[in-house]
Structures are given as structure tokens and as C-alpha cells.
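Contents: one structure, followed by commentary.
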Amino acid sequence: MTKHVHRPLLIPVLAAGLAVLTAACEPAERAEGPVASQTPDAASPAAQPAAQPAYVGRWAANAGLCRDGAWDFRHDGLVTAGEVSCRFDGVAALDDGYEIAATCTAQAPPKAHSLRLSFNGAGDMMVVRGEPFDSPPPLTRCPG
């Protein structure tokens, strides 16, 4: 003998079970508007663009060299108008500039160096010290 289930009773039972399961999957509290973790906090570091180090930009011995003779400093390295390029392996901010561990290539295989960058009070003149540079003149920030 075949057992029959009465269909009108089955639908309310399934609906009640679905409601219980749905309620169990929802958060305990519903906040009005977006969830706090989805709204960036204006004061959080992730919401603020990182400040560029003071050395980032184009620098030259004089304004006339800005077009074709500038040194291009990025946050992670530098390229001179000559034969030198460096990758910055570590940068430490100091009161008057930066101490930088760099790997530089200057007409030879890459070699580890220590660079020191210092600035005048206005921040528009920079002095570079350390190998592979042989006492370059102070550099001025190029416009743009």
C-alpha cells in the first residue's frame, strides 16, 4: 500500500523550515546603511594616499639641465642622466634627509652602496653623498 502525503500540509511546513534556515543565516543585527567595514574611514591610513618621500621627482645641478640632464628619483630608486641607476633596498628617514641602502649599477655589475640625501630648509635643494657618486654638486628640484 502506498502512503500519500497531504499536499496542503506540506507547503506550510516547508515554508516554515525555509524561514528558520534563512533567519539562521542572517546577521543578528541589521545596521541601517552600509556595513561599517565597507565604509572607508577618512582617518584610516588606507584611505589616505601615502605621502611621497621628499626626494621623489626630477633633480638637476641647475635649471638648464632639467630637460636633458636631470636625475629621476622614484620612491624605490633613481636614474641619472649618465650611466648610473640604483634600486633602493631600504630607506630610513632622518631629521634632515634620508639614509638609503641601494644597489647601484655604474658601468659595472650591480653593487651595494649607502647613500645619504640631505635637504636645505626649503626642500628645493638636495645633496647626494655616497658611492658611486663622486661628490656631485647640490641638486635643485626641477619644475613639474
Side-chain angles (χ1 to χ4, degrees), residues 5-144:
V5 176
H6 193 259
R7 291 197 191 272
L9 182 61
L10 183 61
I11 293 174
V13 171
L14 288 176
L18 184 59
V20 169
L21 289 174
T22 303
C25 293
E26 290 182 9
E29 295 180 28
R30 287 186 176 237
E32 292 293 322
V35 177
S37 65
Q38 294 173 341
T39 306
D41 181 8
S44 73
Q48 301 295 327
Q52 289 285 349
Y55 59 81
V56 172
R58 292 176 54 81
W59 298 80
N62 62 59
L65 293 173
C66 282
R67 181 174 173 175
D68 297 321
W71 295 27
D72 184 21
F73 281 81
R74 301 172 319 277
H75 74 282
D76 62 348
L78 74 92
V79 177
T80 69
E83 301 286 328
V84 180
S85 65
C86 298
R87 180 188 74 233
F88 295 167
D89 302 316
V91 177
L94 306 173
D95 288 340
D96 65 341
Y98 298 88
E99 186 77 31
I100 299 175
T103 301
C104 299
T105 303
Q107 300 178 353
K111 184 176 174 187
H113 295 283
S114 179
L115 304 177
R116 168 82 189 226
L117 309 179
S118 56
F119 300 87
N120 66 351
D124 59 354
M125 185 176 292
M126 177 172 64
V127 175
V128 179
R129 293 289 178 253
E131 293 288 329
F133 306 105
D134 294 325
S135 300
L139 303 174
T140 58
R141 187 179 293 278
C142 294

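- Ring orientation note: the planes of Phe88 and Phe73 are tilted relative to one another, at an angle of 30° to 60°.
- Applying the 6.0 Å contact sphere to CD of Glu83 captures no more than 12 heavy atoms from other residues, nucleotides or ligands.
- Residue pairs meeting the side-chain hydrogen bond (donor to acceptor under 3.5 Å, both in side chains) criterion with at least one member in residues 86-95, sequence neighbours excluded: Arg87-Asp89, Arg87-Thr103, Asp89-Thr103.
- Here the side chain of Tyr98 pairs a donor or acceptor atom with the backbone of Ala54 at under 3.5 angstrom.
- Using a 4.5 Å heavy-atom threshold, the side chains of Val91 and Tyr55 count as touching.
- A pairwise comparison of heavy atoms in Ala60 and Gly69 identifies CB-O, 4.4 Å as the closest pair.
- For the pair Arg116 and Asp96, the minimum side-chain heavy-atom distance is below 4.5 Å.
- Here the CZ-CG distance, from Phe119 to Asp124, works out to 10.5 Å after rounding to the nearest 0.5 Å.
- The structure places CZ of Arg129 at 10.5 Å from CG of Asp134, a figure rounded to the nearest 0.5 Å.
- Minimum interatomic distance between Thr140 and Met125 (heavy atoms only, all atoms of both residues): CG2-CE, 4.1 Å.
- Between the CG atom of Leu139 and the CZ atom of Arg141 there is a distance of 11.0 Å, given to the nearest 0.5 Å.
- Scanning for salt bridge (Lys or Arg N to Asp or Glu O under 4.0 Å) contacts around Asp76 gives Arg74, with sequence neighbours left out.
- Counting heavy atoms from C-beta on, the side chains of Ser114 and Glu131 never come closer than 4.5 Å.
- Considering only heavy atoms from C-beta on, His113 comes within 4.5 Å of Pro132 through its side chain.
- The residue from Cys86, Ser85, Cys104 that alone fulfils the side-chain contact (heavy atoms from CB on, under 4.5 Å) condition with Leu78 is Cys86.
- Side-chain contact between Phe133 and Thr80 is present, with heavy atoms from C-beta onward closer than 4.5 Å.
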